[in-house]
> 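What follows is a single structure, and I will ask about it in a moment.
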Amino acid sequence: MILVTGATGNLGIAAINHLLTKVEPLNIAVLARDRAKAASFEEKGIDIRIGEYDDINSLETAMQGVDKVLLISSNDHGKLLQQHKNVVDAANKAGVNHLIYIGSAVQEFESSTLHTMLEPHFQTEDYIKESQIPYTILRNTIYADTLPMFLGENVFDTGIYLPAGNAEVPFALRRELGEAAANVILQPNPNNNKTYVLTGSEPYSFENLAEALSEISGKTVNYINADSKSFEETLRGASVPEYAISVLSGYVTDMREGRYNLLTNDLESILGRKPLSLREALKEVYSK
Ligand SMILES: NC(=O)c1ccc[n+]([C@@H]2O[C@H](COP(=O)([O-])OP(=O)(O)OC[C@H]3O[C@@H](n4cnc5c(N)ncnc54)[C@H](OP(=O)(O)O)[C@@H]3O)[C@@H](O)[C@H]2O)c1
């Protein structure tokens, strides 16, 4: 039995959709806080296990009869480490024989303004390694699907206005990262205790993004390398909350300073094909 946590989120849905192409629904269980959100899985015959990362008893109950767990990291940033520890402890107690954790493909996070958000991913990795559960860690690159959040709602009219400098990031689609996670779960003889860095097959600059957006829209989309202060002021002017400004600005700074410029062929080898190109990925993102 495979248990997927975070199953009602974007990556979880992508992983389960791929699992369903390979295994019977009766071999899949999902951890969900809200049964209604998991209704489409239930209709397909997937076992819904109601639970939540803060509730250790619910996690222990959810782990019953489970061999493999895909732990999709929490988005509850203040509590992330303790929540992940709760899942690992429950998995350990249940004798789970393969734990797959979704981490972050960021380097030198210690010097990031977002280090308090990023560090718990690495502390989780350490906790998993100490747990004795055979594990695979998948450090995911920045999702191409999140680009509209950085580029703004009207990017085809306004162009890209970001303090991203000459940042290069090998963005990848959540759908393909979910498929990779599913493939790892399904490996018959997993090469355990490995860490993979899952990235697109090329690093992309924001100039490349502008070119790709121009190609798919037929409009000219330019990239303006904004000054950080003016960028933040523009967001304030649009009534974006301060917390969101600091997170958005922190990610863009991390990209500009090269923290996401990590390139591997791990995603390609786990998928058994090249991940989609930037142009193909953006076409998919902007057709939703
Ligand atoms: N953004 C990036 O580029 C990036 C890159 C690398 C890694 N990541 C990590 O990947 C993770 C998954 O991404 P995503 O897009 O799938 O996120 P998402 O759509 O926000 O999904 C988060 C999932 O976690 C569940 N969850 C949150 N708190 C929980 C709790 N206390 N107990 C049980 N379940 C809880 C949510 O349940 P509900 O549906 O009930 O809310 C949802 O199913 C993120 O959380 C992030 O840490 C992100």
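Counting starts at 1 for both ligands and their atoms, in listed order. These numbers come from the heavy atoms of this one structure, side chains and all, not from hydrogens, waters or symmetry mates.
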> Of Leu271, Leu262, Ile270, which meets side chain to side chain contact (heavy atoms under 4.5 Å, CB included) against Leu198?
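Going through the options one by one, the only one that passes is Ile270.
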> Which residue and atom name correspond to the protein heavy atom nearest atom 36 (C) of ligand 1, and how close is it?
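Closest protein heavy atom to atom 36 (C) of ligand 1: Arg33 NH2, 3.9 Å.
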> By number and element, which atoms of ligand 1 are closer than 4.0 Å to a non-hydrogen atom of Lys37?
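By the 4.0 Å cutoff, the relevant atoms are 38 (P), 39 (O), 40 (O), 41 (O).
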> Would you say Gly9 has any N or O atom under 3.5 Å from an N or O of ligand 1, going by distance alone?
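Among all N and O atoms of Gly9, at least one is under 3.5 Å from an N or O of ligand 1.
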> Quick check on the hydrophobic clustering: are Leu3 and Ile185 connected, directly or via other members, by side-chain heavy-atom contacts under 4.5 Å?
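No, it is not one cluster - the side chains of Leu3 and Ile185 are not joined through contacts under 4.5 Å.
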> Angle between ring planes, Tyr223 versus Phe206, binned at 30° and 60°: parallel, tilted or perpendicular?
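Tyr223 vs Phe206 ring planes: tilted.
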> Name the closest protein heavy atom to atom 15 (O) of ligand 1, giving the residue it belongs to and the distance to 0.1 Å.
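Protein heavy atom with the smallest distance to atom 15 (O) of ligand 1: Arg174 NH1, 2.8 Å.
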> Under a 4.0 Å heavy-atom limit, does Ile72 contact ligand 1 with its side chain, its backbone, both, or neither?
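The answer is the side chain.
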> In ligand 1, which numbered atoms sit nearer than 4.0 Å to a non-hydrogen atom of Thr8?
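The list of qualifying atoms is 37 (O), 38 (P), 39 (O), 40 (O), 42 (C), 43 (O).
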> I need the atoms of ligand 1 closer than 4.0 Å to a non-hydrogen atom of His121, numbered in the order shown.
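Every atom of ligand 1 under 4.0 Å from some heavy atom of His121: 47 (O).
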> Could you check whether atom 43 (O) of ligand 1 has a protein contact, counting only heavy atoms that fall below 4.0 angstrom?
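It does; a protein heavy atom is within 4.0 Å.
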> Could you tell me if any non-hydrogen atom of Gly103 lies under 4.0 Å from any atom of ligand 1?
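It does, in that a heavy atom of Gly103 comes within the 4.0 Å cut-off of ligand 1.
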> Who gets closest to atom 5 (C) of ligand 1 by heavy atom: Thr141, Asp55, Leu198?
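Closest candidate by heavy-atom distance is Thr141.
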> Would you mind checking which non-hydrogen protein atom is closest to atom 23 (C) of ligand 1, with the distance to 0.1 Å?
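So the nearest neighbour among protein heavy atoms is Gly6 CA, 3.7 Å.
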> Is it the case that Asn92 and Ser131 place a side-chain donor and acceptor less than 3.5 Å from each other?
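Absent: no donor and acceptor within the cut-off.
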> Side-chain heavy atoms nearer than 4.5 Å, only ILVMFWY residues, links allowed to pass through others: does that put Tyr196 and Leu99 together?
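No, because Tyr196 and Leu99 fall into different hydrophobic clusters, even though each may have its own neighbours under 4.5 Å.
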> For ligand 1, note which part of Arg139 has a heavy atom under 4.0 Å away: side chain, backbone, both or neither.
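Answer for Arg139: neither.
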> I'd like to check which ligand 1 atoms, numbered from 1 as shown, lie under 4.0 Å from a non-hydrogen atom of Ser74.
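This gives 28 (N), 45 (O), 47 (O) as the contact atoms.
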> Honestly curious: do Val184 and Leu177 fall in one hydrophobic cluster under the side-chain, below-4.5 Å linking rule?
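Yes, it is one cluster - the side chains of Val184 and Leu177 are joined through contacts under 4.5 Å.
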> Which protein heavy atom lies closest to atom 31 (N) of ligand 1, and at what distance to 0.1 Å?
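Going atom by atom, the protein heavy atom closest to atom 31 (N) of ligand 1 ends up being Glu52 OE1, 2.9 Å.
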> Measure the acute angle between the ring planes of Tyr251 and Tyr260, then classify it against the limits of 30° and 60° as parallel, tilted or perpendicular.
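Tilted, since the angle between the ring planes falls between 30° and 60°.
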> I'd like to know if the side chain of Arg139 and the backbone of Gly103 have a donor-acceptor N/O pair within less than 3.5 Å.
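No; zero donor-acceptor contacts below 3.5 Å.
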> To which protein heavy atom is atom 30 (C) of ligand 1 closest, and what is the distance rounded to 0.1 Å?
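In this structure, atom 30 (C) of ligand 1 has Tyr53 CD1, 3.3 Å as its nearest protein heavy atom.
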> At what distance is the nearest protein heavy atom to atom 46 (C) of ligand 1, and which residue and atom is it?
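Here the nearest protein heavy atom works out to Ser73 OG, 3.8 Å.
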> Quick one: nearest non-hydrogen protein atom to atom 16 (O) of ligand 1, plus distance?
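Residue, atom and distance for the closest contact: Leu11 N, 2.7 Å.
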> Side-chain heavy atoms nearer than 4.5 Å, only ILVMFWY residues, links allowed to pass through others: does that put Met63 and Ile46 together?
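Cluster IDs for Met63 and Ile46 differ.
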> Quick one: which ligand 1 atoms are inside 4.0 Å of a heavy atom on Asn140?
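Under 4.0 Å from Asn140, ligand 1 has these atoms: 5 (C), 6 (C).
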> Output, in order, the C-alpha distance, side-chain angles, deciding distance and verdict of side-chain contact (heavy atoms from CB on, under 4.5 Å) for Val155 and Tyr161.
CA-CA 9 Å; Val155 64; Tyr161 176 76; over 6 Å; no
> Quick one: does any side-chain atom of Asn193 pair with a main-chain N or O of Tyr135 as donor and acceptor, under 3.5 Å?
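Flag set: sc Asn193 to bb Tyr135 pair under 3.5 Å.
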> Do the numbers put Lys85 on top of the ring of Tyr127, so that NZ or CZ is under 6.0 Å from the six-membered ring centre and no more than 45° off the axis?
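Yes; both conditions hold, so Lys85 lies above the ring face of Tyr127.
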> Would you mind checking which non-hydrogen protein atom is closest to atom 22 (C) of ligand 1, with the distance to 0.1 Å?
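Closest protein heavy atom to atom 22 (C) of ligand 1: Asn75 ND2, 3.5 Å.
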> Just jot down the ligand 1 atoms closer than 4.0 angstrom to any heavy atom of Asn10, in number order.
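Answer for ligand 1: 15 (O), 16 (O), 19 (O).
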